[in-house]
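Read the structure below first, then the notes.
In this chain, numbering begins with 1 at the start of the sequence shown. Counting starts at 1 for both ligands and their atoms, in listed order.
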Amino acid sequence: MTALSIDAERLIGRIRELGEIGRDGDGRLTRLAGSDADKAGRDRFVAWLRQAGLAVAIDRVGNIFGIWASTDNADKKPILIGSHIDTVIDAGIFDGCYGVLSGLAVIEALQAAGFIPARPIAVAAFTNEEGVRYAPDMLGSLVHAGGLSTEAALAISGTDGTQLGAELARIGYAGAQEPGFLKPHAYVELHIEQGPVLEREGLRIGAVENLQGISWQRVTIDGEANHAGTTPMSMRRDAGHAAARVITFLRDEARGSNSPTVATVGCMRFEPDAINVIPSRAGFTVDLRDPDEQRLTAAEAALSGYLDELAAAEQVTITVERLARFAPVAFDRTIVELIEDAARTHGLAARRMTSGAGHDAQMIARVAPSAMIFVPSIGGISHSPRERTNDADLIAGATVLLDVVARLAAA
Ligand code: HGY
Ligand code: MN
Ligand code: MN
Ligand code: MN
């Protein structure tokens, strides 16, 4: 067997090439699950899988698998490397795509070196990890792990009124395989950190040992439309003002709690959305996260209590729809130690850490020993066109992934 190494130029080139698929007229990158842009990205990834001689399998919720198996090892459970290639709106080019394309690069490096794995190795691109169009997020991996039925997932309607199943069929990615058909022996996900920790501490690799809990809710406040000019302030049932009070409440609660709790209102819509009409309705989303289950539950309860008070004080009606709720996850210690040892072997300063972002690994951890590898995000920025990771760190992360997968696949 010759020395193992990642083809750096090809990996960086593919990340940039995939990063150009799905740009709009203003140059903004958006590949929402089930969209034409998502199809174009998927098609490119599948073409690369086929070029590498991998067997391509697609399941009923559109999860894509590239599988390297031989007659000698096909009966064994595979090592699975995964992430996602769908994006948020006006996205960067690394979130998810880096891990998927690095997984392919790892398989190609092992093939090129004449490595004979004791078990199959597969790379997966999971459907709708971002959850921007269809909630919940991490949807494809959640179905793969048995956390949501295929039928329920396909029936989910999106923010644009479309149905996930119909869109996957329309773009040609409603596959034949039953989700969960591939039972991983172990799962490793390489991802940009999407936060400031590694860069701030001058480190190259994160050995991710756990991932915080996530709570997504959609809140609808119904007040009363009225004339902006003639309605005295004391007589208003202003849904817009009530919504603004919720945003301030959440920010003050999260900041004041001197805990890692984070709270975000990312989407907000007023109706009838007219300059001279007091909003009759305000619809918005709440994203709460905390590494500790008790604190996350307490944050949800504090919001619920506040909404009850607010409804009475502002004489509005408030309804809440739960969109996603995932408890914190601890990853597999053995794989975390493998990641740390691989980083040391390559002279890369590393630390254990918690993931602030949600990832497919938190779903696959339900069915197989799983862990994640992080590389630094410049300025800690992600979910933004300013998302950046330098080439040397991208290759360092893929090299650690290669080392870890080679060790996991040796027996
Ligand atoms: O929301 C998340 O953390 C993930 O990017 N879907
Ligand atoms: Mn991601
Ligand atoms: Mn993301
Ligand atoms: Mn993720």
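The closest approach between Q194 and ligand 1 stays at or above 4.0 Å for every heavy atom of the residue. Not a single heavy atom of H359 sits under 4.0 Å from any atom of ligand 1.
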Can you check side-chain contact (heavy atoms from CB on, under 4.5 Å) on F326 and L211, steps first, answer last? CA-CA 10 Å; F326 301 125; L211 192 151; over 6 Å; no
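Between R325 and E293, at least one side-chain nitrogen of the basic residue sits less than 4.0 Å from a carboxylate oxygen of the acidic one, meeting the salt-bridge criterion. Salt bridge R133/D86: absent, no basic N to carboxylate O contact under 4.0 Å.
At most 12 heavy atoms of other shown residues, nucleotides or ligands fall within 6.0 angstrom of atom CZ in R269. Other residues, nucleotides and ligands contribute more than 12 heavy atoms inside 6.0 Å of the CZ atom of R352.
The Mn ion (ligand 3) has an N, O or S atom of H383 closer than 2.8 Å. Using a cut-off of 2.8 Å, one finds that H191 contributes an N/O/S atom close to the Mn ion (ligand 2). At least one N, O or S atom of E130, from either the backbone or the side chain, sits less than 2.8 Å from the Mn ion (ligand 3).
Contact atoms of ligand 1 toward A357: 3 (O) (distance under 4.0 Å to a heavy atom of the residue). For ligand 1, the atoms sitting less than 4.0 Å from at least one non-hydrogen atom of H383 are 5 (O), numbered in the order shown with element in parentheses.
Looking only at its N/O/S atoms, D95 has OD2 as the one nearest to the Mn ion (ligand 3).
Sorted by first and then second residue, the ring pair (Phe, Tyr, Trp, His ring centres under 6.0 Å) pairs with a member in residues 160-188 read F65-F181; sequence neighbours excluded.
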Distance-only donor-acceptor pairs under 3.5 Å for side chains of residues 150-158, two or more places apart:
{"from": "E151", "atom 1": "OE2", "to": "R60", "atom 2": "NH1", "distance (Å)": "3.3"}
{"from": "E151", "atom 1": "OE2", "to": "R60", "atom 2": "NH2", "distance (Å)": "3.1"}

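At a 4.0 Å heavy-atom cut-off, ligand 1 touches R289 through the side chain alone.
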